[in-house]
Amino acid sequence: MTQNPTKHTKLLIIGSGPAGYTAAVYAARALLKPIMVTGMEPGGQLTTTTDVENYPGFAEVIQGPWLMEQMRDQAKAVGTEMIEDHISSVNLKSRPFEAIGDGGQKYTADSIIISTGAQARWLNLDSEQKFRGFGVSACATCDGFFFKDKIVAVVGGGNAAVEEAMFLTKFASKVKLIHRRNELRAEKMLQKKLMENKKIEIIWDSVVEEVIGDNEPKNVKGLKIKNVKTNKVDDLKLDGLFIAIGHDPATQLFKDQLKMDEEGYLITKPDSTETNIPGVFAAGDVKDKIFRQAVTAAGMGCMAALEAEKHLSGH
C-alpha cells in the first residue's frame, strides 16, 4: 500500500466538538487554512445529548447532534479541511510538530490546537447505555431541568456527585445519592451541606445493578440496586439517573510531552489556552473540568484560534 504524502498545515486541530469547530471557524476566517482531524466521534459528547436548552442564540430547544452538524458545516464553509482520521501519536519536540493517523497518514503543523475533549465514566451496564439520553445522564447542569418535581438518583461519592445532587434539588422533588462505600470522598463542607438538605437521601454501600424502564416511549421507571455488604437487591421507583463517577480527558496521546494535572487534564497558562509548549494550545473539556459546557468550550476554541494566529504571525 503506498503511503499518502505528508500533509502540512499552519494549524492542525485535533478533535471536533464545540471547541474544535469554533477554533476552526476563527482560524479559517484568519486564512490559516486549518486542517481538522475529527477523531472517532465527530461532534464529541454533544452528539449523545438530545435536548439542548442552554446554548445561547436558540429560543427553541435544539438537538445536540444538530448543533454539532451546524458547527461542522460552518467550519467547512469558511475553509476548514476536515479529515476523518484518528491521531495515534504526536511528536511535539520536532519543528514543525508531527502527528500520525491510525492508517499511517503523517501530518506536520506549525501550530496545534488540542480539543480532544473528555468522556464521562459510565457504570457500563447495558441497561444504562440503553436509556442514555432518555432518563440516564452524566450532566446535571445539562439535564436537571427536565426532572421538575420528579424523583432522581445520583451515583457517586466525590465532589462532583455531591454538587450534582445539590443542584438537582432545585428541580427534583427527591434526590437519592447512591454510593458504594459507607462514607463520601467529597470535601467536608460539601458533605455538611448535603446532610442538611431535606430533599436528599443517601443510600450507602450500594451499587446500581440495572436501570428499569419502558421502551415506547423510552423512559426510566426505576433501578435495581444491590447492597454490597448484604447482597440484598432492592427496587427503587424513580424517573432519572445521573452518573457522577468522574470524567476521563482524552490526553493519553500527550503523556510525557505536555504538562497535565493528576487526573490527566492539560494545564494551560492563566487566561490563555497555551500549553507548556509554545504553539500548542488546548481548548474545551480536555483542559476544563470545572464548567464542561458547550458554550465555554466554544469560547476557549475562539481563544485558542486567536492565540494560534498571533503565535504564527510572530514566527
Side-chain angles (χ1 to χ4, degrees), residues 45-46 48-55 61-64 120-123 125 127-187 189-215 217-227 233-247 289-295:
Q45 292 183 88
L46 264 184
T48 59
T49 307
T50 45
D51 294 355
V52 176
E53 284 193 0
N54 56 10
Y55 198 82
V61 180
I62 56 171
Q63 299 298 302
R121 287 191 206 129
W122 297 94
L123 302 171
L125 305 169
S127 56
E128 163 202 55
Q129 295 305 318
K130 177 180 164 185
F131 291 104
R132 201 166 138 182
F134 297 92
V136 175
S137 168
C139 180
T141 40
C142 313
D143 300 326
F145 181 79
F146 302 113
F147 294 91
K148 273 198 169 123
D149 304 322
K150 297 194 162 164
I151 300 172
V152 297
V154 176
V155 178
N159 284 355
V162 171
E163 278 166 2
E164 301 241 307
M166 306 278 290
F167 178 82
L168 287 164
T169 59
K170 289 185 184 155
F171 309 104
S173 56
K174 183 100 186 135
V175 178
K176 297 171 190 278
L177 182 66
I178 301 167
H179 186 44
R180 60 184 177 191
R181 289 194 271 277
N182 60 0
E183 58 179 0
L184 300 170
R185 295 188 311 278
E187 290 161 13
M189 278 282 294
L190 275 176
Q191 290 196 39
K192 187 171 177 293
K193 275 189 186 156
L194 180 87
M195 306 293 180
E196 286 165 1
N197 194 313
K198 298 276 183 283
K199 275 187 170 183
I200 297 174
E201 174 199 345
I202 304 178
I203 303 174
W204 300 108
D205 299 315
S206 296
V207 293
V208 175
E209 290 255 290
E210 195 186 343
V211 181
I212 310 292
D214 290 339
N215 289 330
K218 233 186 206 190
N219 63 355
V220 171
K221 282 285 199 296
L223 301 176
K224 282 197 186 308
I225 60 165
K226 183 172 96 170
N227 184 300
V233 176
D234 279 311
D235 284 339
L236 289 186
K237 270 194 165 55
L238 45 76
D239 307 289
L241 174 66
F242 289 83
I243 314 295
I245 54 176
H247 285 72
K289 55 181 170 187
I290 298 168
F291 303 108
R292 291 204 184 99
Q293 299 301 303
V295 66

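All heavy atoms count here, side chains included; hydrogens, waters and symmetry mates do not. Residues: numbered from 1 along the sequence shown. Here the structure is a predicted model, which means the values were calculated and not measured.
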Starting at CG of Asn219, measure out to CZ of Phe134 and round the result to the nearest 0.5 Å. 10.0 Å
With rounding to the nearest 0.5 angstrom, report the CD1 to NZ distance, Ile212 to Lys237. 10.5 Å
Ignoring hydrogens and angles, write down the donor-acceptor pairs under 3.5 Å from the side chains of residues 138-150, residues two or more places apart or on other chains.
residue : atom : partner : partner atom : Å
Thr141  : OG1  : Gln293  : NE2          : 3.3
Asp143  : OD2  : Ser137  : OG           : 2.7

Considering non-hydrogen atoms only, spot the tightest contact between Asn227 and Ser206 and give its length. CA-OG, 3.9 Å
If you draw a 6.0 Å radius around CD in Glu183, do more than 12 non-hydrogen atoms from other residues or ligands fall strictly inside? no
If you measure from NZ on Lys193 to CE on Met189, what distance do you get to the nearest 0.5 Å? 5.5 Å
Step by step, work out the side chain to side chain contact (heavy atoms under 4.5 Å, CB included) result for Val207 and Ile178. CA-CA 7 Å; Val207 293; Ile178 301 167; over 6 Å; no
Measure the shortest side-chain to side-chain distance between Val211 and Leu241 over non-hydrogen atoms and say whether it is less than 4.5 angstrom. yes
Does Lys199 use its side chain to pair, donor to acceptor, with the backbone of Thr169 at less than 3.5 Å? yes
Can you give me the closest heavy-atom contact between Asp214 and Lys221, atom names plus distance? OD2-NZ, 2.7 Å
Let me confirm one number: the CZ-CD distance from Arg185 to Gln191, rounded to the nearest 0.5 Å. 10.5 Å
Intermediate values then yes/no, side chain to side chain contact (heavy atoms under 4.5 Å, CB included), Leu238 and Val152: CA-CA 6 Å; Leu238 45 76; Val152 297; over 6 Å; no
Within the distance-only criterion (no hydrogens, no angle test), does the side chain of Asp239 pair as donor or acceptor with the backbone N or O of Ile151 below 3.5 angstrom? yes
How long is the straight-line distance from CD of Glu209 back to CG of Leu125, given to the nearest 0.5 Å? 8.0 Å
With a 4.5 Å limit on heavy-atom distance, are the side chains of Ile202 and Trp204 in contact? yes
Salt bridge or not for Glu128 and Arg132, using N-O below 4.0 Å? no
Can you confirm whether Arg292 sits close enough to Gln45 that some side-chain heavy atom of one is under 4.5 Å from a side-chain heavy atom of the other? no
Of all heavy-atom pairs linking Ile245 and Gly156, the shortest is CG2-CA, 4.1 Å
Contacts of type side chain to side chain donor-acceptor pair (under 3.5 Å), residue Asp51, not counting sequence neighbours: Gln63
Using a strict 4.0 Å threshold on nitrogen-to-oxygen distance, state whether Arg180 and Asp205 make a salt bridge. no
Find out whether Leu236 and Lys176 are in side-chain contact, i.e. whether some heavy atom of one side chain is under 4.5 Å from a heavy atom of the other. yes
Flag, side chain of Glu164 to backbone of Val154, donor-acceptor distance under 3.5 Å: no
Non-hydrogen atoms of Ala161 and Ala244 that approach each other most closely: CA-CB, 3.6 Å
List the steps and the verdict of side chain to side chain contact (heavy atoms under 4.5 Å, CB included) for His247 and Arg121. CA-CA 5 Å; His247 285 72; Arg121 287 191 206 129; over 6 Å; no
Does NZ in Lys289 sit with more than 12 non-hydrogen atoms of other residues, nucleotides or ligands closer than 6.0 Å? yes
Verify the neighbour count for atom CE of Met195: are there more than 12 heavy atoms of other residues, nucleotides or ligands below 6.0 Å? yes
When you measure from the side chain of Glu210 to the backbone of Lys224, do you find a donor-acceptor pair of N or O atoms at a distance under 3.5 Å? no
Side-chain heavy-atom pair Ile225, Ile203 within 4.5 angstrom cut-off: yes
Closest non-hydrogen atoms of Ala186 and Val162, given as atom of the first, atom of the second and distance, are CB-CG2, 3.6 Å
CG of Leu184 to CG of Leu194: how many Å apart, nearest 0.5 Å? 6.5 Å
With a 4.5 Å cut-off on side-chain heavy atoms, are Leu190 and Glu163 touching? yes
Residues in ring-ring contact (aromatic ring centres under 6.0 Å, His included) with Phe171, at least two apart? Phe167
Trace of the side chain to side chain contact (heavy atoms under 4.5 Å, CB included) decision for Leu223 with Asp235: CA-CA 6 Å; Leu223 301 176; Asp235 284 339; over 6 Å; no
